[in-house]
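A, B, ... follow the sequence lines: proteins, then strands. Residue 1 opens every chain. Since the structure is predicted, the reported quantities are computational estimates derived from the model, not experimental observations.
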Amino acid sequence: MDIFGSFALILALLAAVYAFGAGIAGIITRRPLLTKSARQAGMAVFVLITLAVGALEYFFFTDNFTIAYVAEHSNRALPAFYKFAALWSGQEGSLLFWSWLLSIYAFLALFLNRKKHPELMPYVGVVVAGVQTFFLTLNTFVATPFRVLAASDGAGLMHLARLSEGSGLNPLLQYPEMVIHPPMLYLGYTGFTIPFAFALAALLGRYPGEKWIHITRRWTMVAWGFQSVGILLGAHWAYSVLAFSGYWSWDPVENASLLPWITGTAFLHSVMMQEKRGMMKVWNVWLVFTTFMLSILGTFLTRSGVVSSVHAFAQSGIGPWFIAFLGIILAVCLAAWWKNRDYLRSDNQLDSLVSRESSFLFNNLILLAACFAILWGTLFPVFSEWITGSKISVGPPFYNKVNIPIALFLLLLTGIGPLLAWRKTSFDALKRNFAWPLAGGLAAGVGAAVSGFRDIYALMCLILSVFVVLTIGSEFFRGARVIARRDGLNLLSSVVELTTRNTRRYGGYVVHLGMVLIFIGIAGTPFNKDIQKEMGPGDRMSVGPYTILCQNFDQVSNGNYQSERATLEVFRNGRSEMMLYPERRFFLASQVTETMVAIQSSPLRDLYVVYAGRSQDDGRPVIHAYINPLVKWIWFGGIVVVFGTILALLPNRRTPLLQHAPEPAWRDAIAPATSVGAAIGAASARGPSRVASAVGGVIRRMSSDE
Amino acid sequence: MSECGVSNSIKAAPTAAWWRGRPASVVLMLCAALALMGTALYAQQTERAKEVGKKLMCVCGCGQVLVYCNHVGCAYSSGELKELDAHVAHGDSDDGILSAFVGEYGLTVLSEPPASGFNWFAWIMPVLAPLLALLLIWHLVRRWRQRAALASAGAPQISAEFLARAHHESAPDDDA
């Protein structure tokens with residue numbers, strides 16, 4: 001079976017190489033049969049990698065400890081769903097998993113577009129096959145998961161060796177979220193390959209029109225959505241497992257996941273300028289390229305050991321492969337851009353600084369500033385050691401100082417941007433749109449300050465959050481009110497009607513709302529409290545509004561671990577509210593001890609209790625209790641972000657108004673033209689009424705989805 | 001948050017049958033495990049020690065700020081915390097405490113880079129880079145506006161009446 005898995009991987013590599021080579025040959029010779037065979041080879045890669053993944057999972061479920069990877073990451077008593085998740089718990093398996101997810105994306109992209117975009121898809125197939133070839137080379141020759149254990153006998157001959165038991169899965173990974181979090185994060189990382197492939201393909205093939213940017217935007221949104229879920233699940237895992245009472249510690253591996261997410265966010269905003277106004281084409285192409293390269297850079301950082309991280313894979317020799325791959329990607333992107341830079345010339349110019357376009361420009365600037373600051377902080381210890389010879393740390397205080405002001409400015413733009421008009425916003429419109437949200441935000445700030453809210457960042461976050469929520473609310477309200485008046489619906493039905501008619505716009509607002517909730521959750525951090533105390537049965541301690549009574553300590557065991565558990569009763573206002581059971585587990589196979597945190601979560605605050613161990617002085621158990629305000633808002637905000645993303649991906653519901661809109665007059669007029677000036681010029685030859693129709697058409701095209 | 005894949009070395013771990021045959025070993029193992037659970041914990045700590053502790057890192061390599069390091073059996077954080085409390089009890093200033101830690105563990109014990117020498121770049125670059133980008137945007141916007149002015153000079157004139165009609169025909173825009 002190990003030969004079956006290895007063989008499937010080699011065939012997958014050959015198929016990818018063929019898809020790459022035949023794809024290029026098909027483009028050059030323009031022979032459809034070559035192009036078709038390249039596409040089919042690209043789809044076959046998915047089938048072959050699926051067989052390899054199936055083979056490895058089979059080894060896990062049959063406890064085949066002849067396979068080194070299985071012996072290192074599993075044991076007999078490991079529950080079945082963790083055996084499944086063990087696939088991505090180490091270097092070799094996670095790289096195979098990466099290749100598999102990429103092959104799923106590639107299959108979908110090639111299959112769904114098999115009869116569309118015949119000029120574009122051969123290029124897309126070549127780019128995807130190139131990326132797959134790299135990862136399959138690693139899977140086959142550098143980090144194969146099908147390595148078998150062997151031992152030499154007295155005569156020096158090698159024989160297959162089988163261990164009676166494996167070393168077990170890393171205890172930190174034995175948590176339900178670890179079954180979901182890595183796949184989500186990997187779906188994000190690998191998903192950015194598809195927009196990269198479309199962007200590079202459009203540039204290389206000089207694909208006419210803006211259709212490719214619509215396709216790229218949708219694939220980016222899918223990858224971005226998965227990346228968001230992955231990051232949030234990871235944060236929740238850290239909060240629930242790592243016992244430091246936080247959800248984000250600016251670890252290099254965490255940062256690596258955030259970097260492509262930030263540039264992806266920037267692209268999802270700036271792409272609108274290209275769709276509506278034909279601007280920022282070079283910028284958008286480079287944002288897509290950068291997002292993909294940051295995904296690869298993140299993988300390099302995680303796997304090479306170049307930066308130290310508790311989350312990272314063990315140091316290995318795989319780093320140079322990624323550096324070389326990054327170099328190749330950068331060279332290809334630079335060459336493609338330089339050769340075709342005239343293809344990316346803007347159709348329009350910026351008319352006013354007080355406009356939607358300029359808000360997107362600033363939004364992109366701020367997002368890239370955050371991205372740069374995080375990347376700089378992550379890599380700075382390496383630079384510092386190279387230049388000064390001494391190691392330094394760049395810990396959470398650095399990132400907080402640099403990024404909090406940036407994040408607050410971004411929050412401000414989240415409120416301002418959507419209310420500005422394209423091209424130019426008048427002062428009257430500014431007053432009309434912003435007066436109430438601004439007044440509401442300031443009133444909330446004054447109220448909070450009067451009631452003793454003193455942390456300046458938290459206070460600014462509150463003011464801006466209220467401001468943004470009110471701007472979003474006003475957008476929904478104004479649109480819904482028009483529909484309610486016209487169609488006689490109630491306000492709630494009108495909101496649903498409004499949203500389904502323009503899912504992209506209102507889905508985007510829902511995502512913004514989710515981000516505001518996340519910001520509010522983060523703003524609770526300065527108000528954290530904690531207390532640590534040695535406790536025996538009958539002892540009490542107080543934290544926030546709670547009193548914790550220690551009832552007893554007991555021991556629990558099963559085949560996988562042995563645990564020491566505290567039983568704590570929690571009182572509030574003298575009344576018993578709940579029981580909490582923080583644990584320390586000793587995992588038998590890996591001989592490692594880990595904590596299991598007990599959390600009582602409510603919208604206002606979390607009571608977070610850690611059984612921290614035993615005192616060095618007298619051996620008594622030590623309990624560490626934290627009060628973490630508003631953490632639940634972060635998880636709820638995450639759900640709202642995901643909901644908004646899904647909403648934005650749904651197609652618009654057609655309305656009778658749009659179906660019967662008198663379009664042909666202006667459509668004819670602007671068909672050959674892409675800019676307002678050119679459209680008007682083309683229409684002016686047909687008479688004054690055509691000019692007005694053309695201007696109306698251009699404005700409508702700017703403001704309608706695709 | 002993690003991409004987690006800390007490799008474990010291969011050990012010939014005992015089977016279930018092995019466990020059943022050796023009850024005494026199981027008890028000993030359990031005692032050893034519980035003893036291991038109880039290592040390296042130091043109950044702390046004054047508010048000032050907590051504040052100063054946020055400026056220090058645990059030097060075990062976990063990347064955690066000292067007062068948040070909660071690793072089971074961490075051989076470093078409890079020692080550092082004891083040392084920190086001793087300095088605080090002695091009445092040392094914050095700078096004095098940080099200098100003492102740097103003297104003992106090196107610069108890596110500080111949770112943020114010192115704003116001196118080459119490490120000054122750690123602080124200045126996140127400010128400088130956006131400023132440079134802002135200058136670039138300003139330059140681009142100026143160029144765009146110049147081009148827009150040139151383009152509009154050659155475009156046909158549109159009367160207020162036409163513009164009003166065009167706006168009347170257009171639908172509300174649709175982006176977040």
Interface moiety of [X] toward chain B, non-hydrogen atoms closer than 4.5 Å:
{"X": "I392(A)", "value": "both"}
{"X": "S390(A)", "value": "side chain"}
{"X": "V394(A)", "value": "both"}

Between [X] and chain A, with a heavy-atom cut-off of 4.5 Å, which part of the residue counts as in contact: side chain, backbone, both or neither?
{"X": "M57(B)", "result": "side chain"}
{"X": "L134(B)", "result": "both"}
{"X": "K55(B)", "result": "neither"}

Practice task
Could you go through the side-chain contact (heavy atoms from CB on, under 4.5 Å) check for F380(A) and F118(B) one step at a time?
Solution key: CA-CA 10 Å; F380(A) 192 77; F118(B) 175 77; 3.6 Å; yes
Heaviest contributor of heavy-atom pairs below 4.5 Å to chain A, chosen from P126(B), P113(B), A122(B), is A122(B)
Assert top hit (heavy-atom pairs under 4.5 Å, partner chain A, pool N119(B), I137(B), V127(B)) equals N119(B)
Of all heavy-atom pairs linking K391(A) and L107(B), the shortest is O-CB, 3.7 Å
By residue number, those in residues 90-97 of chain B with heavy atoms under 4.5 Å from heavy atoms of chain A are none
Salt bridge (Lys or Arg N to Asp or Glu O under 4.0 Å) filter on E112(B), not counting sequence neighbours, yields K401(A)
Hits for salt bridge (Lys or Arg N to Asp or Glu O under 4.0 Å) against E104(B), two or more places apart or cross-chain, chain-then-number order -> none
Those residues at least two apart in sequence (or on a different chain) that pass side chain to side chain donor-acceptor pair (under 3.5 Å) with S111(B) are none
